[in-house]
Amino acid sequence: MAMAMAVAVVRALKAGRSGISRFSTFSALSPPPPAEAPPNAEPDTNLFVSGLSKRTTSEGLREAFAKFGEVISAKVVTDRVSGYSKGFGFVRYATLEDAAKGIEGMDGKFLDGWVIFAEYARSRPTTPPPPPPPPSEGPSGHQT
DNA sequence: GCTGAGCGG
């Protein structure tokens with residue numbers, strides 16, 4: 001019973017997050033609203049986990065998601081100056097199927113007393129290396 | 001110690 005209620009809460013939260021109402025006013029001079037806004041993101045090994053508790057750490061995230069797949073990397077985003085958790089983190093799985101299982105297995109579930117949300121992150125494939133500067137001139141000691 | 005939507009480095 002309690003679990004069913006939790007699922008309803010989760011659905012309500014996720015529905016409200018979109019902020020899109022089906023009762024849109026259709027007018028000729030109004031911008032045509034999209035038929036539907038799929039919260040689905042493109043599959044990736046990077047997962048964006050939100051709704052985390054302030055006490056949840058990267059280790060808690062890894063252990064929580066490691067039950068559904070091989071977690072390559074897990075990190076909870078914390079503030080630079082306060083050092084406190086921002087309430088969300090990122091989990092990277094070994095494969096896309098593990099990532100999907102992680103979402104299906106942890107999205108809308110309870111972690112540390114809070115309902116967490118797991119979805120595909122927009123993040124970049126890996127640590128962004130600094131772009132190499134363009135070569136100014138040829139070999140030094142000789143230029144025309 | 002903590003605010004509770006969002007996307008780190």
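Every chain is numbered from 1 and lettered A, B, ... according to where its sequence line falls, protein lines coming before strand lines.
The backbone N or O of A:V76 lies less than 3.5 Å from a partner atom in the side chain of A:S58, making a donor-acceptor pair. In terms of modelled atom types and a separation under 3.5 Å, the side chain of A:D107 and the main chain of A:A118 share a donor-acceptor contact.
In this structure, the ring of A:Y120 has its center no less than 6.0 angstrom from the ring center of A:F48.
Atoms CG (A:L52) and C1' (B:dG8) sit 13 Å apart, rounded to a whole Å. Put simply, CZ on A:F117 is 15 Å from P on B:dG4, counting in whole angstrom units. In this structure, CG of A:L61 is placed 16 Å from P of B:dG8, rounded to the nearest angstrom. Straight-line distance from the CD atom of A:E119 to the P atom of B:dG8: 13 Å, rounded to whole Å. What separates NZ of A:K86 from P of B:dC7 is a distance of 10 Å, to the nearest Å. Put simply, CZ on A:R92 is 18 Å from P on B:dC7, counting in whole angstrom units. Between the OH atom of A:Y84 and the C1' atom of B:dA5 there is a distance of 18 Å, rounded to whole Å. Summarising the geometry, the separation between NZ on A:K54 and P on B:dA5 is reported as 10 Å, rounded to the nearest angstrom.
When heavy atoms are screened at a 4.0 angstrom cut-off, A:G51 is found touching base atoms of the nucleic acid. A:R55 comes within 4.0 angstrom of no nucleic acid atom, judged by non-hydrogen atoms across all strands.
Among residues two or more places apart in sequence or in another chain, the side chain to side chain contact (heavy atoms under 4.5 Å, CB included) test is passed with A:E97 by A:T95.
The aromatic ring of A:F90 stacks onto the base of B:dG8, its centre lying under 5.5 Å from the centre of the six-membered base ring with the two planes under 30° apart.
For A:S50, the listed nucleotide lying nearest its side chain is B:dG6; candidates were B:dG6, B:dC2, B:dG4.
Between A:R80 and A:S53, the one whose closest nucleotide on DNA chain B sits nearer the 5' end is A:S53. Mapping A:W114 and A:V77 onto DNA chain B by nearest heavy atom places A:W114 at the nucleotide closer to the 5' end.
The base of B:dG8 has none of its N or O atoms less than 3.5 Å from a complementary donor or acceptor on the side chain of A:D79.
Contact check, A:R122 against B:dG6: no side-chain N or O comes under 4.0 Å of OP1 or OP2.
In plain terms, the two heavy atoms of A:K54 and A:K86 that are nearest each other are NZ-O, 3.9 Å.
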